[in-house]
2 protein chains.
Amino acid sequence: MNTLAEENYLKSIYHLSLNAESVSTNQLAALLSTSAASVTDMLKKLADKQLINYARYQGVSLTPAGEKIALHIIRKHRLWEFFLVEKLDFKWDEVHEMAEEMEHISSTELIDRLDKFMGYPKYDPHGDPIPDSKGNFKVHELKPVSMVAVNECGIISGVRDHSPAFLQYLEKQQLTIGKKIQVAEIIEYDHSMILQAGNNRIHISREVANNLLIAV
Amino acid sequence: MNTLAEENYLKSIYHLSLNAESVSTNQLAALLSTSAASVTDMLKKLADKQLINYARYQGVSLTPAGEKIALHIIRKHRLWEFFLVEKLDFKWDEVHEMAEEMEHISSTELIDRLDKFMGYPKYDPHGDPIPDSKGNFKVHELKPVSMVAVNECGIISGVRDHSPAFLQYLEKQQLTIGKKIQVAEIIEYDHSMILQAGNNRIHISREVANNLLIAV
DNA sequence: TAAAAAATTTAGACTTGTCTAAAAAATATT
DNA sequence: AATATTTTTTAGACAAGTCTAAATTTTTTA
């Protein structure tokens, strides 16, 4: 098995790879709150284990073996988040840190039974897809509310910013996963938007609209 | 917080302290499958942190602060074991290793909510008491079946040997927690015993009788 | 395109937790 | 009580993962 540090590197490489083909040393150092030198050391180790493609100064990407491990960790993280919210009544902004520890529990049998216990959920409390036991998941087509035209409707289905502050703000505005909204008005001056959600009109900034994702 | 290694030492010292006032370096080395030299190193560290009473060559015991931490880890271990058996349908002989990892999840709020979710269980799947959030628990008066007189009755309430082999054997003989039994006969020659459990007569060796605990 | 800036790697060191071998202390034995 | 045995500690070393400072490579910019 891999160490805790190795698992965290693989997971971070996976997440950063979603935005770009290859991931840089500094990106990893920033995300993991560590030094670039430490990242280089670990990249050599992961390359030796054939979990990443790495050439000096060239950035890294996951090999199929590395991606498989990363997806398994993400599966565990998201299933535990689902458990914490659905069974233990935590709020969606409270679960990340706990899941960050729980994702390293090693038993595969345990996580498969947890999956079954909860009825094989497809999405975690933030709308992120939960890979199945084979690592497969479907990304639903999402776009930021900021890209939606006036009068268009959609279902809130994800967030780009997972910070507690943002999640708490959304909760307070009742902009939670599954809610149907319509873009009522766009303020040209600052690109802020007024959303219609049931009988409520909610005014959100451009920044919020950028970080809130809907399925149309 | 304490490291994983520190937590495991505290837990081991607690368990060994149940049989004797003070715990020796070699006892710890054996239980933790490590060298006596490593144990000495760690004891110095724990003594610096005021979690144990330690004087060279004199053995160790937990301070109140150390005991509090040990009991919290044991609480987490036993609650997770209960969860695994009651909610995820694992057998009582399968859960120890998993709980061994899960007991190090740090959130106290999480464990308190897990406790509530399961209805505040008092005993884990092996009959061991689960400390409450303040570290309190009641030990019920148990004695090994080997100490029970002929014709006496009792409820199976615990085990002294937690090994999967022993637990599987008991399960196969239907000698599980909560079952009412009566000592039907004691074979003088080898101190083996015949138990009456409902309509079944079960013949157990002296060794098994020694490791099976009942409340009378 | 050559110098400057930024990104990355190397070198050397530190901490944690472990090890083996040797020394010291405690305990048992004759 | 003196010696032998066992237990425990000390000494010195190692691997993992991290650090800072310096060197190297790549990228940017003038």
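Residue numbering restarts at 1 for every chain, and letters A, B, ... go by the order of the sequence lines.
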*Asks:* Does OP1 or OP2 of C:dA26 have a side-chain N or O of B:R56 closer than 4.0 Å?
*Replies:*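 It does not, given that no N or O in the side chain of B:R56 lies less than 4.0 Å from OP1 or OP2 of C:dA26.
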
*Asks:* Is there a donor-acceptor pair under 3.5 Å between the side chain of B:K76 and the backbone N or O of B:I105?
*Replies:*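 A pair under 3.5 Å: yes.
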
*Asks:* Quick one: B:Y57 OH to D:dT5 P, roughly how many Å, whole number?
*Replies:* 19 Å

*Asks:* The test is side-chain hydrogen bond (donor to acceptor under 3.5 Å, both in side chains); show your working for A:N8 and A:H104 and say whether it passes.
*Replies:* CA-CA 9 Å; A:N8 284 332; A:H104 301 290; 3.1 Å; yes

*Asks:* Name the pairing partner of D:dA30, where a pair is Watson-Crick or G-U wobble with both distances under 3.5 Å, or state none.
*Replies:* C:dT1

*Asks:* Mark yes or no: B:K87 above the aromatic ring of B:F117, with NZ or CZ under 6.0 Å from the six-membered ring centre and no more than 45 degrees from the axis.
*Replies:*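 Judged by the rule, B:K87 and B:F117 form a cation-pi pair.
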
*Asks:* Is it true that a side-chain atom of A:E6 and a backbone atom of A:T3 form a donor plus acceptor pair closer than 3.5 Å?
*Replies:*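 Checked: pair present.
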
*Asks:* Go through residues 3-17 of chain B and report each residue with a non-hydrogen atom lying under 4.0 Å from DNA chain D, sorted by number.
*Replies:* none

*Asks:* Output yes when at least one side-chain N/O atom of A:Y54 is less than 4.0 Å from OP1 or OP2 of C:dT9, else no.
*Replies:*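 For A:Y54, the contact criterion (side-chain N or O under 4.0 Å from OP1 or OP2 of C:dT9) is met.
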
*Asks:* With distance as the sole criterion, is a donor-acceptor pair present between the side chains of B:S106 and A:E101 under 3.5 Å?
*Replies:*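 Yes, a side-chain donor-acceptor pair sits under 3.5 Å.
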
*Asks:* Below 4.0 angstrom, which residues in residues 20-50 of chain B have at least one non-hydrogen atom near DNA chain C?
*Replies:*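 Only B:T34, B:S35, B:A37, B:S38, B:D41, B:K45 qualify.
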
*Asks:* Should the ring pair A:W80 and B:W80 be called parallel, tilted or perpendicular, given that the plane angle runs from 0 to 90° and is split at 30 and 60?
*Replies:* perpendicular

*Asks:* May I ask you to decide if the ring planes of A:H126 and A:H162 are parallel, tilted or perpendicular, using 30° and 60° as cut-offs?
*Replies:*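 Geometry flag for A:H162 against A:H126: perpendicular rings.
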
*Asks:* Can a salt bridge be assigned to the pair B:R75 and B:D112 using a cut-off of 4.0 Å between side-chain N and carboxylate O?
*Replies:*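 Salt bridge present between B:R75 and B:D112.
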
